[in-house]
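Every number for a ligand or one of its atoms is a count from 1 in the order of the listing. The shown structure was predicted, so the numbers you read here are calculated from the model rather than taken from an experiment.
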Amino acid sequence: MHIAIVGNIGAGKTTLAQKLAQHYKWALFEEAVDNNPYLKDFYDDMPRWAFHLQVFFLNSRFRQVQQIKHSEKSVVQDRTVYEDAYIFARNLYQSGMMSERDFENYFELYRSLVSLVTPPDLLIYLKADLPKLIEQIEKRNRAYESNISIQYLRSLNEQYENWISHYDLGKLLIIDVNKLDFVANPEDLGLIINKINLELFGLFR
Ligand SMILES: Nc1ncnc2c1ncn2[C@@H]1O[C@H](COP(=O)(O)OP(=O)(O)O)[C@@H](O)[C@H]1O
Ligand SMILES: Nc1ncnc2c1ncn2[C@H]1C[C@H](O)[C@@H](COP(=O)(O)O)O1
């Protein structure tokens, strides 16, 4: 079993992924954030570092997908390779922060690699409006994310809405997290787990 959690920056992916991994006793695959050599520089100067960062994420995500494929345990994955291409890289290109030449080069590489990727059994999209994202990014308080613009988050949310409306690689569960607090309220986590059980096993537990 392979569940992937997708959503904008600060939507709560890592927090939910950790809770689900603990609940189901499944392996957790997190994304390369703390050991990322480009992320801080990228936030300081996006056009300068866009291509480098996308290649780094693509490679680390692809390596992770290979590990998931060979994992004997069921898996919860925090963010997918699809988001790198269809959300972040596409947004950088469309907003003029990545050149057409770099985007096409990146996308050809993505196409070659993604043909080897098995989609998750269930994709969970955490949908959050801008105030919720901003509140949670501030709560997390990563120094290099302090200058993320509202426009950047808004554009990413638009990319997510577009991508999710066309997603057809497997089962999809959309969870509106605007009014959920699965950190403080166990009932909110229970609601999400019930929805997952229904999608995956066809039952309430
Ligand atoms: N539904 C929620 N309600 C309240 N706080 C949340 C919720 N989801 C996440 N948080 C908090 O918001 C911050 C960012 O969450 P995180 O899981 O790191 O987001 P992401 O991985 O999507 O970027 C963390 O401090 C986390 O505890
Ligand atoms: N492909 C990506 N391009 C640009 N930035 C990315 C990409 N993947 C992740 N990120 C950034 C967004 C956040 O600042 C950190 C971690 O993501 P999060 O949504 O907080 O888990 O990396």
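Heavy-atom proximity to Gly12, at under 4.0 Å, picks out these atoms of ligand 1: 8 (N), 9 (C), 15 (O), 16 (P), 17 (O), 19 (O), 20 (P), 22 (O).
Contacts between Glu135 and ligand 1 below 4.0 angstrom, taking non-hydrogen atoms only, are absent altogether. Only the side chain of Val183 comes within 4.0 Å of ligand 1, judged by heavy-atom distances.
Under the 4.5 Å side-chain heavy-atom criterion for ILVMFWY residues, a single connected hydrophobic cluster contains both Val33 and Phe88. Both Val114 and Leu92 belong to a single network of hydrophobic side chains, linked directly or stepwise wherever heavy atoms of I, L, V, M, F, W or Y lie under 4.5 Å apart.
The shortest N or O to N or O distance between Gln136 and ligand 1 is below 3.5 Å. By the 3.5 Å distance cut-off applied to N or O atoms, Ala11 is counted among the residues near ligand 1. Polar contact check, Gly10 against ligand 1: a nitrogen or oxygen pair lies under 3.5 Å apart. For Asp78, no nitrogen or oxygen atom sits less than 3.5 Å from a nitrogen or oxygen atom of ligand 1, counting backbone and side chain alike.
Relative ring orientation between Tyr93 and Phe103 is described as parallel, the plane-to-plane angle staying below 30° on a 0-90° scale split at 30° and 60°.
Residues passing the salt bridge (Lys or Arg N to Asp or Glu O under 4.0 Å) test with Lys19, sequence neighbours excluded: none. Evaluation of the side-chain contact (heavy atoms from CB on, under 4.5 Å) rule for Asp176 yields Asn178 as partners, not counting sequence neighbours.
Inter-residue side-chain proximity for Tyr43 and Tyr152 is flagged as met; some heavy-atom pair is nearer than 4.5 Å.
Not a single heavy atom of Gln18 sits under 4.0 Å from any atom of ligand 1. Ligand 1 lies nowhere less than 4.0 angstrom from a heavy atom belonging to Gly7.
Among residue pairs with one or both ends in residues 164-193, those qualifying as ring pair (Phe, Tyr, Trp, His ring centres under 6.0 Å) are Trp163-Tyr167; sequence neighbours excluded.
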Show the distances, to 0.1 Å, for all pairs joining an N/O atom of ligand 2 and a protein N/O atom that are shorter than 3.5 Å, listing one pair per line.
from	atom 1	to	atom 2	distance (Å)
ligand 2	1 (N)	Gln54	OE1	3.0
ligand 2	1 (N)	Asp84	OD1	2.8
ligand 2	3 (N)	Gln54	NE2	2.7
ligand 2	8 (N)	Arg61	NH2	3.4
ligand 2	14 (O)	Tyr43	OH	2.6
ligand 2	14 (O)	Glu145	OE2	2.5
ligand 2	17 (O)	Glu31	OE2	2.9
ligand 2	17 (O)	Arg79	NH1	3.0
ligand 2	19 (O)	Lys13	NZ	2.7
ligand 2	19 (O)	Arg79	NH1	2.9
ligand 2	19 (O)	Arg79	NH2	3.1
ligand 2	20 (O)	Arg140	NH1	3.0
ligand 2	20 (O)	Arg140	NH2	3.1
ligand 2	20 (O)	Arg142	NH1	3.2
ligand 2	21 (O)	Glu31	OE2	2.4

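For the atom pair Thr15 OG1 and Asp78 CG, the distance stands at 8.5 Å (nearest 0.5 Å).
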Would Phe51 and Phe42 count as a ring pair (Phe, Tyr, Trp, His ring centres under 6.0 Å) here? Give the steps.
CA-CA 10 Å; Phe51 182 76; Phe42 170 75; over 10 Å; no
